[in-house]
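All heavy atoms count here, side chains included; hydrogens, waters and symmetry mates do not. Predicted model, so just to flag it, every value in this text is computed and none were measured. Protein chains get the first letters and strands the later ones, always in sequence-line order, with residue 1 at the start of each.
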Amino acid sequence: MILARVIGNAWSTVQHRCYEGKSVMVVQAVDTDGRTPNGPEFLAVDSVQAGPGDLVLVAREGNAARQVLGREDDPFHAVILGVVDEVDADGRVTPGNAWTAGEGG
Amino acid sequence: MELAKVIGRVVCTVKDESLEGVRLLLIQPQTAAGEPQGPPEIAADALQAGPGDIVSWVTGREAAMALPRKFAPVDCAVTSIVDHAWRDRSLLDGEGSR
């Protein structure tokens, strides 16, 4: 699994039936500082009501996605599994969002 | 799963028989802002995407699942025709949506 930041989303009407009712977020893989891109921009299906700007936990593997999102023959690939409150890397604690750092509303 | 723009088609008459009737599109992977991201791919398409369409696509085993005929021997397939996609890189600064 990786850390990623939700930076947008994508809507489709003509799609594989398994995506109906699901929201597809545009995510950017980021480093443990929560903001430095360290991989591609890609799409992940949300399962935890993540919103734009959230630091999230993403699994990029079909089986994990299917367990969370659907049936065993649905072409899910990447899934947002959680909204990250904070990352503690080598004692350096990075808040997931401004709101977890106490600045948010 | 990523975004891509449909930039063409690929036609093969001599091919593995299980690819019979499978539409093959030439797609250019790109970001939600339209920046190319990686080399062009050839994706199987069951949604009738056309040239210029923005699509989402998957690779690996999921590609075989995206087609009506289960387990056609493909490793890249279109999963949707995208009506609208946006991204805002300033969101990397961690404002959060809560």
Review point. How far apart are the C-alpha atoms of Asp46(A) and Lys22(A), what are their side-chain angles, what is the distance that settles it, and do they pass the salt bridge (Lys or Arg N to Asp or Glu O under 4.0 Å) test?
Key: CA-CA 7 Å; Asp46(A) 179 35; Lys22(A) 303 279 193 300; over 6 Å; no

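- Only the side chain of Val26(A) comes within contact range of chain B, with heavy atoms under 4.5 Å apart.
- Only the side chain of Val58(B) comes within contact range of chain A, with heavy atoms under 4.5 Å apart.
- Of the N and O atoms on the side chains of Asp83(B) and Thr13(A), at least one donor lies less than 3.5 Å from an acceptor on the other residue.
- Using a cutoff of 4.0 Å between basic side-chain nitrogens and carboxylate oxygens, Asp73(A) and Arg71(A) are scored as salt-bridged.
- Your options are Cys18(A), Gly62(A), Ala44(A), and the one with the most heavy-atom pairs under 4.5 Å with chain B is Gly62(A).
- Residue with the most contacts toward chain B among Arg66(A), Gln28(A), Met25(A), Arg17(A): Arg66(A) (heavy-atom pairs, distance under 4.5 Å).
- Of the atoms belonging to Asp74(A), it is backbone heavy atoms, and not side-chain ones, that fall under 4.5 Å from chain B.
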Exercise for review: Determine, step by step, whether Glu41(A) and Arg5(A) satisfy the salt bridge (Lys or Arg N to Asp or Glu O under 4.0 Å) criterion, reporting the C-alpha distance in whole Å, the side-chain angles of both residues, the deciding distance to 0.1 Å, and the verdict.
Suggested key: CA-CA 10 Å; Glu41(A) 179 187 297; Arg5(A) 185 73 67 176; over 6 Å; no

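- Aromatic ring orientation, Phe76(A) versus Tyr19(A): perpendicular (interplanar angle above 60°, classes split at 30° and 60°).
- Heavy atoms closer than 4.5 Å to chain B are found in the backbone of Glu72(A), but not in its side chain.
- Contacts between Val24(A) and chain B at a heavy-atom distance below 4.5 Å involve the side chain alone, from C-beta outward.
- Shown here for Gln28(B) and Pro39(B), the closest heavy-atom pair between the two residues is OE1-C, 4.3 Å.
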